[in-house]
Chemist: 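Would you mind keeping the following structure in view while I ask a few things?
Note that these values count all heavy atoms, side chains included, but never hydrogens, waters or copies made by symmetry.
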Amino acid sequence: MRETRGTRIFRVATIVVLSAFTLFPIWVMITSSVKPLGDVLDSFTWWPKHLTIEPYIQMWHTVPLAQYFLNSLIVCTIATLISLVIAVFAAYAVSRWRFHGRSVFTTTVLSTQMFPGILFLLPLFLIFINVTQATGIPLIGTRLGLVITYLTFSLPFSIWMLAGYFDGIPRDLDEAAKVDGTGSMGALWHVLLPAARPGLVAVAIYCFMTSWGELLFASVLTTGPTQTLAIGLQQYSTQVNVYWNQIMAASLVVSIPVVVAFLLLQRSFVAGLTAGAVK
């Protein structure tokens, strides 16, 4: 069907408005990050009166941003890898085998996404305390506890999405691999995983992004040495002053890993997310 002139104008106008709505905050962040603090606190200007890169230098010294960056990178990477490994085997079992309780399992896994995260905060906190008392393994104020916490809300969605993606891969490929002499694990490794690469990328990016910007659990389950970026950025606000230019500079810097990863893997992410959602 041919697009009418009115429809085209409406589409272009909508895109322009949405783009401006999206890009305006980013522009404010960029310009504020290269302004002296006095200019930021002064009346708003679209272009900096005095350009400076001092905020990008000072932000590393005002708070231990490098330590927070390292904590976030370690926690998010480990949580993503563990979630991906577990989700692959769980999704493979759900997709390829029929067993008692299968529908209950899939429904339960998906239903966990219906509840807000704050409902799990107190139960997890109490569980971690009891586990620490019983085993001596510290979970409060450690990276390990945060990794386990992030698995609780990234793993269910990962299993559901990968199971949907595996369902879209013909079972004939599994049977052909078994005819050639490989077992179920061989079929998974040599057939399903290469075919499901877009789905794996989508799951990995989802897990990393949800963990990278998480604030609620990190604010309760971490202490000074193990705090993540989401908590560290709050420390630019003190009782004496709020370093807005450094906050903007730090926000841009910590966004780089996620943005770069998404841009590099965007095609696989969209393909995997769409296929896993519709199967």
Chemist: Please determine whether the number of non-hydrogen atoms from other residues, nucleotides or ligands lying under 6.0 Å from atom CH2 of Trp47 exceeds 12.
Modeler: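 No - once you tally the heavy atoms of other residues, nucleotides and ligands closer than 6.0 Å, there are 12 at most.
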
Chemist: So with a 6.0 Å cut-off around CZ of Phe44, is the heavy-atom count from everything else above 12?
Modeler: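 More than 12 heavy atoms, drawn from other residues, nucleotides or ligands, come within 6.0 Å of this atom.
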
Chemist: Please lay out, stage by stage, how Phe217 and Thr152 fare under the test side-chain contact (heavy atoms from CB on, under 4.5 Å).
Modeler: CA-CA 11 Å; Phe217 292 95; Thr152 60; 5.7 Å; no

Chemist: Suppose we screen for side chain to side chain donor-acceptor pair (under 3.5 Å). Which residues come up paired with Tyr92, at least two apart in sequence or across chains?
Modeler: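 With sequence neighbours excluded, Tyr92 shows a side chain to side chain donor-acceptor pair (under 3.5 Å) to no residue whatsoever.
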
Chemist: Grab the two heavy atoms, one from His61 and one from Ile57, that are nearest each other, plus how far apart they are.
Modeler: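 The pair with the smallest heavy-atom distance is CD2-O, 3.1 Å.
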
Chemist: Output the distance between atom OG (Ser72) and atom CD (Glu214), rounded to the nearest 0.5 Å.
Modeler: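 Going from OG on Ser72 over to CD on Glu214, the span is 10.0 Å.
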
Chemist: Using a 3.5 Å distance criterion without hydrogens, assess whether the side chain of Ser33 forms a donor-acceptor pair with backbone atoms of Ile30.
Modeler: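 Checked: pair present.
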
Chemist: Do Leu252 and Tyr56 have side-chain heavy atoms sitting under 4.5 Å apart?
Modeler: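 Result yes, sub-4.5 Å side-chain heavy-atom pair found.
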
Chemist: Taking distance alone, no hydrogens or angles, what donor-acceptor pairs closer than 3.5 Å link side-chain atoms of residues 137-146 to residues at least two apart or in another chain?
Modeler:
unit_1, atom_1, unit_2, atom_2, d
Thr142, OG1, Pro138, O, 3.2
Thr142, OG1, Leu139, O, 3.3
Thr142, OG1, Gly145, N, 3.3
Arg143, NE, Asn71, OD1, 3.1
Arg143, NH2, Asn71, OD1, 2.6

Chemist: Can you check whether Asn241's main-chain N or O pairs, donor with acceptor, with Thr238's side chain at less than 3.5 Å?
Modeler: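 Answer holds: yes.
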
Chemist: Any sub-3.5 Å donor-acceptor pair from Ser83's side-chain atoms to Thr80's backbone N or O?
Modeler: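 Not confirmed, Ser83 side chain does not pair with Thr80 backbone.
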
Chemist: Do Tyr68 and Trp212 have their ring centres less than 6.0 Å from each other?
Modeler: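 No: the rings miss the under 6.0 Å criterion.
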
Chemist: If you group Ile, Leu, Val, Met, Phe, Trp and Tyr by side-chain heavy-atom gaps below 4.5 Å, do Val220 and Ile118 land in one group?
Modeler: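 In one cluster with Val220: Ile118, yes.
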
Chemist: Please check if the number of heavy atoms outside Ile53 that lie under 6.0 Å from its CD1 is greater than 12.
Modeler: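 No, not enclosed.
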
Chemist: Mind checking the CD-OG spacing from Gln227 to Ser219? Nearest 0.5 Å is all I need.
Modeler: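 It is 9.0 Å, given to the nearest 0.5 Å.
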
Chemist: From Leu200 CG over to Met161 CE, what is the distance, rounded to the nearest 0.5 angstrom?
Modeler: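 Reported value, rounded in 0.5 Å steps: 9.5 Å.
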
Chemist: Tell me if a side-chain donor or acceptor on Gln58 pairs with a main-chain N or O of Thr62 at a distance below 3.5 Å.
Modeler: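 Between the backbone of Thr62 and the side chain of Gln58 there is no qualifying donor-acceptor contact (under 3.5 Å).
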
Chemist: So, for Trp244 and Leu37, which heavy atoms are closest and what is the spacing to 0.1 Å?
Modeler: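 Residues Trp244 and Leu37, closest heavy atoms: N-CD1, 3.7 Å.
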
Chemist: Kindly work out whether a path of hydrophobic side-chain contacts (I/L/V/M/F/W/Y, heavy atoms less than 4.5 Å apart) joins Leu70 to Leu81.
Modeler: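 Not linked; separate clusters.
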
Chemist: Restricting to pairs with a member in residues 70-97, which pass salt bridge (Lys or Arg N to Asp or Glu O under 4.0 Å), not counting sequence neighbours?
Modeler: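 Qualifying pairs: Arg96-Asp174.
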
Chemist: Can you get from Ile231 to Tyr236 by hopping between Ile, Leu, Val, Met, Phe, Trp and Tyr side chains that sit under 4.5 Å apart?
Modeler: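 In one cluster with Ile231: Tyr236, no.
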
Chemist: Short question: side chain of Ser32, backbone of Met29 - any donor-acceptor pair under 3.5 Å?
Modeler: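 No, because the side chain of Ser32 does not come within donor-acceptor range (under 3.5 Å) of the backbone of Met29.
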
Chemist: Counting distance only, does the side-chain N/O of Thr210 pair as donor-acceptor with the main-chain N or O of Cys207 below 3.5 Å?
Modeler: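 Yes: the side chain of Thr210 pairs with the backbone of Cys207.
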
Chemist: Between CH2 of Trp60 and CD of Gln246, what distance do you get to the nearest 0.5 Å?
Modeler: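 Taking CH2 in Trp60 and CD in Gln246, the distance rounds to 12.0 Å.
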
Chemist: Is there a path of hydrophobic side-chain contacts, each under 4.5 Å between heavy atoms of I/L/V/M/F/W/Y residues, joining Phe157 to Phe89?
Modeler: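 Yes: a chain of side-chain contacts under 4.5 Å links Phe89 to Phe157.
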
Chemist: Spell out, yes or no, whether Ile127 and Leu216 are grouped together once hydrophobic residues are joined by side-chain heavy atoms under 4.5 Å, including indirect joins.
Modeler: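 Per the 4.5 Å side-chain linkage, Ile127 and Leu216 are co-clustered.
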
Chemist: Between Asn130 and Leu126, is there a donor-acceptor pair closer than 3.5 Å when you use the side chain of the first and the backbone of the second?
Modeler: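 A pair under 3.5 Å: yes.
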
Chemist: Are any side-chain N or O atoms of Ser211 and backbone N or O atoms of Phe208, one a donor and one an acceptor, separated by less than 3.5 Å?
Modeler: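 Flag not set: sc Ser211 to bb Phe208 has no pair under 3.5 Å.
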
Chemist: Strictly distance-based, threshold 3.5 Å: is any side-chain N or O of Trp27 a donor or acceptor partner for the main-chain N or O of Trp46?
Modeler: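 Such a contact is found between Trp27 side chain and Trp46 backbone.
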
Chemist: Just how far is it from atom CD of Gln67 to atom OG1 of Thr226, taken to the nearest 0.5 Å?
Modeler: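 Output value for this atom pair is 9.0 Å.
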
Chemist: Show the nearest heavy-atom pair for residues Asn245 and Pro36, with the distance to one decimal.
Modeler: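 Smallest heavy-atom distance, with atoms named: ND2-C, 3.8 Å.
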
Chemist: Atom CE of Met248 and atom NZ of Lys35: how far apart are they, to the nearest 0.5 Å?
Modeler: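 Taking CE in Met248 and NZ in Lys35, the distance rounds to 10.0 Å.
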
Chemist: For Gly232 versus Val63, what's the shortest heavy-atom pair and its separation?
Modeler: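 Of all heavy-atom pairs spanning Gly232 and Val63, the closest is O-CG2, 4.3 Å.
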
Chemist: Could you walk me through whether Phe120 and Thr149 pass the side-chain contact (heavy atoms from CB on, under 4.5 Å) check?
Modeler: CA-CA 9 Å; Phe120 301 98; Thr149 301; over 6 Å; no

Chemist: Shortest non-hydrogen contact from Leu73 to Thr77?
Modeler: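 Closest heavy-atom pair between Leu73 and Thr77: O-OG1, 2.6 Å.
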
Chemist: Which heavy atom of Ser251 sits nearest a heavy atom of Leu233, and at what distance?
Modeler: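 Result for this residue pair: OG-CD1, 4.2 Å.
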
Chemist: Would the distance check show the side chain of Ser95 and the main-chain N or O of Ala91 forming a donor-acceptor pair, the cut-off being under 3.5 Å?
Modeler: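 It does not hold such a pair.
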
